[in-house]
Amino acid sequence: MQQVTQNQLAQLGEFLDRHRNVLVLTGAGLSTASGIPDYRDQDGVRRGRAPIQGPDFRKDAAVQRRYWARSMVGWPTLAQAEPNAAHYALAQLEAAGRIGAIITQNVDGLHQQAGTRQLIELHGNIHGVLCLQCRAIHARAGIQQWLLAHNPELAANATSADADSVVPEVRPDGDAEVELEAMQRFHMPVCPHCGGTLQPDVIFFGDNIPPERTAAALALAEQADALLVVGSSLMVFSGFRFCKLAAAAGKPIAAINLGKTRADDLISLKLAASAADVLPRLL
């Protein structure tokens, strides 16, 4: 990790002071200090196996079983996570009027816990579960209790209170490695209202962001006079598009991110550092 200089901090502070409505775009790198792993290494290369695709999930019971078994084991990592210094700093910068709205690619819900008020969760929130039949939304914590009760063989892996325990291959959406044999004996949850198929209330890879959410995010981008990227490699187009829009409109872009981003050639000020180290120093 590069050491952030006082000059870089001053430049970032001036960036915020110079623009009255800075839109902030956050990604998985923001939450690593909360104990939630990110998707990519510093070269932007994706770690682990390929993610589940939304169309595959909805048409294949085996894919659903794989998701819920792995999520049962990995979800506690997200459930127990707490906002870090960067989340709180962003909430305080918002309250002080130094930044505008936040658009996050994260599904962990930590921005809300930290007190951010004007927020769009671009990819949804992992703490909700959607019934694909009756469209009811259920609390993920309640579904977790059902999973633990009906899958005792896996329950021990999903209830560890040891802060030092490590679940292999946990991802920012709570996905974790589960042995194939255990998965085949796994009991899947269904909607307690209608018995329908349950899906996490997030945007899977291969799915589109709801049009109304996209429209709201694009409206924020149009209203902003600058863009600050925090903890995102921007390799997913849903995030990268905001940099393209800002650059096309002549709006300056700053970034706090360890490693390369897809928009490095568009960014005028970049701090290769942890957001949890940089953002509190702007207060």
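Basis for what follows: all heavy atoms, side chains included, without hydrogens, waters or symmetry-related copies.
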Next on the checklist: Is the ring pair Phe237/Phe240 parallel, tilted or perpendicular, if the boundaries are 30 and 60 degrees?
Outcome noted: perpendicular
Checklist entry - If you look at every heavy atom in Tyr67 and Ile52, which pair is closest and at what distance? => result CB-CD1, 3.5 Å
Checklist entry - Just by distance, do the side chain of Trp68 and the backbone of Leu198 share a donor-acceptor pair under 3.5 Å? => result yes
Next on the checklist: Does this structure show an ion pair linking Arg117 with Glu94, if we count only N-O contacts that are shorter than 4.0 Å?
Outcome noted: no
Checklist entry - Just wondering, are more than 12 heavy atoms of other shown residues or ligands nearer than 6.0 Å to CZ in Arg281? => result yes
Checklist entry - Under 3.5 Å, is there a donor-acceptor pair between the side chain of Lys251 and the main chain of Ala224? => result yes
Checklist entry - Under the 3.5 angstrom rule, does the side chain of Arg98 hit a backbone N or O of Leu16 as a donor-acceptor pair? => result no
Checklist entry - Does one side chain, of Ser232 or Gln105, offer a donor that lies under 3.5 Å from an acceptor on the other? => result yes
Next on the checklist: For the backbone of Ala28 and the side chain of Asn106, can you confirm whether one donor and one acceptor N or O come within less than 3.5 Å of each other?
Outcome noted: yes
Checklist entry - Heavy atoms, side chains only, cut-off 4.5 Å: are Ile256 and Leu279 in contact? => result yes
Checklist entry - So, the side chain of Asn151 versus the backbone of Leu147: is there a donor-acceptor pair under 3.5 Å, distance only? => result yes
Next on the checklist: Can you tell me how far apart CG (Leu90) and OG1 (Thr26) are? Round to the nearest 0.5 Å.
Outcome noted: 7.5 Å
Checklist entry - Is Ile103 reachable from Met235 through a run of hydrophobic residues whose side-chain heavy atoms are each under 4.5 Å from the next? => result no
Next on the checklist: If hydrophobic residues (ILVMFWY) are linked whenever their side-chain heavy atoms come closer than 4.5 Å, directly or via other members, who joins Leu132 in its cluster?
Outcome noted: Leu130, Ile137
Next on the checklist: Are there over 12 heavy-atom neighbours, none belonging to Glu212, within less than 6.0 Å of that residue's CD?
Outcome noted: yes
Checklist entry - Rounded to the nearest 0.5 Å, how far does NE2 of His87 lie from OG1 of Thr104? => result 7.0 Å
Checklist entry - Is a salt bridge present between Asp207 and Arg58, judged by a nitrogen-to-oxygen distance below 4.0 Å? => result yes
Next on the checklist: Measuring from atom CG of Asn21 to atom CG of Leu227, what distance do you get when rounded to the nearest 0.5 angstrom?
Outcome noted: 11.0 Å
Item to check | Closest non-hydrogen atom pair, Asp108 against Ser31 | outcome: OD2-OG, 2.7 Å
Checklist entry - Which atom names give the shortest non-hydrogen contact between Cys131 and His138, and what distance separates them? => result CB-NE2, 4.5 Å
Checklist entry - About how many Å separate CG of Asp264 and CG of Leu234, when rounded to the nearest 0.5 Å? => result 8.5 Å
Item to check | Any side-chain heavy-atom pair of Cys191 and Thr197 under 4.5 Å | outcome: no
Item to check | Nearest heavy-atom neighbours spanning Ile120 and Leu220 | outcome: CD1-CD1, 3.5 Å
Item to check | Donor-acceptor pair, side chain of Gln64 and main chain of Met188, under 3.5 angstrom | outcome: no
Checklist entry - Ignoring hydrogens and geometry, is there a side-chain-to-backbone donor-acceptor pair from Gln8 to Thr5 under 3.5 Å? => result yes
Checklist entry - Would Ile253 and Val278 show up in the same hydrophobic cluster when neighbours are defined by side-chain heavy atoms closer than 4.5 Å? => result no
Checklist entry - With sequence neighbours excluded, what pairs up with Asn125 under the side chain to side chain donor-acceptor pair (under 3.5 Å) test? => result Glu121
Checklist entry - If you take all heavy atoms of Lys270 and Asn257, which pair is closest and at what distance? => result CE-O, 3.9 Å
Checklist outcome for this item: So CD of Gln144 and OG of Ser71: to nearest 0.5 Å the spacing works out to 6.5 Å
Checklist entry - Where is the tightest heavy-atom contact between Leu30 and Ala86, given as atom of each residue plus distance? => result CD1-CB, 3.4 Å
Checklist entry - Could you state the interatomic distance from OG1 (Thr214) to CG (Asn208), rounded to the nearest 0.5 Å? => result 8.0 Å
Item to check | Common cluster, Val22/Phe242, ILVMFWY with side-chain heavy-atom separation under 4.5 Å | outcome: no
